[in-house]
Amino acid sequence: IYNNMAIMAYRQHNEESALRMYQKALDILREGSGEECPLLGDIYGNMANALKNLHKWNEASDMYKKAITILKGMVGAHHPKTQRVYSSFEEMLGNLDPTMSLAEDYNILGIEYLESLRDTRAAMRCFQDSLAIKRGLMGGLVGRVVARGSWERRLGGGVSRRGAGG
């Protein structure tokens with residue numbers, strides 16, 4: 001019931017309240033099922049989305065990683081739930097200021113694409129974004145990583161790397 005209440009609060013843009021209810025749902029679920037339940041992955045993904053909306057990037061990143069790990073183990077890397085979390089995580093990463101941890105997150109996501117999904121195109125794009133961020137930092141460039149299009153464009157179309165250090 002807490003999960004449903006959290007979803008309602010999130011839809012009303014009350015992320016703080018949603019996070020409190022998601023945490024209660026997690027506590028109850030862990031008590032009854034341990035860590036072996038796909039619903040945990042869903043809740044972690046939902047918490048990550050709420051944290052993203054609150055601009056708590058590091059916490060959101062940690063939650064996305066937990067969600068991916070659980071969902072990948074429970075329902076598989078190609079399952080639509082897992083794919084939605086990958087998509088949300090990449091969207092968040094594409095809109096952040098460049099930092100070394102951001103570059104590392106892109107690297108980790110690229111490895112996930114390569115190892116779990118066997119998607120070399122998506123992996124290569126993540127690796128290129130990681131490299132572009134690192135080059136920008138090493139070269140003393142200041143600014144934002146500009147999202148180069150939607151998730152669909154990233155996977156399907158040619159993404160220009162000009163001006164991104166490469």
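Excluded from the calculations below are hydrogen atoms, water molecules and symmetry mates; all remaining heavy atoms, backbone and side chain alike, are included. Predicted model, so just to flag it, every value in this text is computed and none were measured.
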Open item on the list: Please determine whether side-chain hydrogen bond (donor to acceptor under 3.5 Å, both in side chains) holds for the pair Asp27 and Tyr2, giving the CA-CA distance in whole Å, both sets of side-chain angles, and the decisive distance to 0.1 Å.
Closed with: CA-CA 10 Å; Asp27 294 342; Tyr2 283 110; over 6 Å; no
Within the 4.5 Å heavy-atom criterion, are [X] and [Y] side-chain neighbours or not?
X: Met74; Y: Lys81; answer: no
X: Leu54; Y: Glu16; answer: yes
X: Asn49; Y: Asn53; answer: no
X: Asp42; Y: Ile70; answer: no
X: Leu109; Y: Glu90; answer: yes
X: Asn58; Y: Leu51; answer: no

Connected via hydrophobic side-chain network under 4.5 Å: [X] and [Y]:
X: Leu26; Y: Leu19; answer: yes
X: Ile28; Y: Tyr22; answer: no
X: Ile68; Y: Met92; answer: yes

Show the nearest heavy-atom pair for residues [X] and [Y], with the distance to one decimal.
X: Ala9; Y: Met21; result: CB-CE, 4.0 Å
X: Ala48; Y: Met63; result: CB-CB, 3.6 Å
X: Gly41; Y: Ala67; result: O-CB, 3.4 Å

Open item on the list: Between Lys52 and Tyr64, does the side chain to side chain contact (heavy atoms under 4.5 Å, CB included) criterion hold? Intermediate values first, please.
Closed with: CA-CA 10 Å; Lys52 176 180 70 172; Tyr64 281 129; 3.7 Å; yes
- [ ] Kindly determine whether His79 and Leu71 satisfy side chain to side chain contact (heavy atoms under 4.5 Å, CB included), including the steps that lead there.
- [x] CA-CA 8 Å; His79 193 277; Leu71 290 171; over 6 Å; no
Open item on the list: The criterion is ring pair (Phe, Tyr, Trp, His ring centres under 6.0 Å); which residues satisfy it with Tyr44, sequence neighbours excluded?
Closed with: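 With neighbours one apart ignored, the set is empty.
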From [atom1] ([X]) to [atom2] ([Y]), nearest 0.5 Å:
X: Leu29; Y: Ile43; atom1: CG; atom2: CD1; answer: 5.5 Å
X: Met47; Y: Lys56; atom1: CE; atom2: NZ; answer: 10.5 Å
X: Arg125; Y: Thr120; atom1: CZ; atom2: OG1; answer: 9.5 Å
X: Met5; Y: Arg20; atom1: CE; atom2: CZ; answer: 10.5 Å

Task: Expected output: side-chain Ser61 to main-chain Trp57 donor-acceptor under 3.5 Å - done: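 No.
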Task: Main-chain N/O of Gly76 paired to Thr82 side chain as donor or acceptor, under 3.5 Å - done: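 Checking the backbone N and O of Gly76 against the side chain of Thr82, a donor-acceptor pair under 3.5 Å is found.
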- [ ] Using salt bridge (charged side-chain N to carboxylate O under 4.0 Å, His left out) as the criterion, list what pairs up with Lys66, not counting sequence neighbours.
- [x]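 Partners of Lys66 by the salt bridge (charged side-chain N to carboxylate O under 4.0 Å, His left out) criterion come out as none, since no residue qualifies.
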- [ ] Tell me, please, which residues at least two apart from Glu112 pass salt bridge (charged side-chain N to carboxylate O under 4.0 Å, His left out).
- [x]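 Glu112 satisfies salt bridge (charged side-chain N to carboxylate O under 4.0 Å, His left out) with Lys72 once adjacent residues are dropped.
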- [ ] Would you mind checking if Lys65 and Glu59 are paired as a salt bridge, meaning a charged N to carboxylate O distance below 4.0 Å?
- [x]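 Salt bridge between Glu59 and Lys65, a charged N being under 4.0 Å from a carboxylate O: no.
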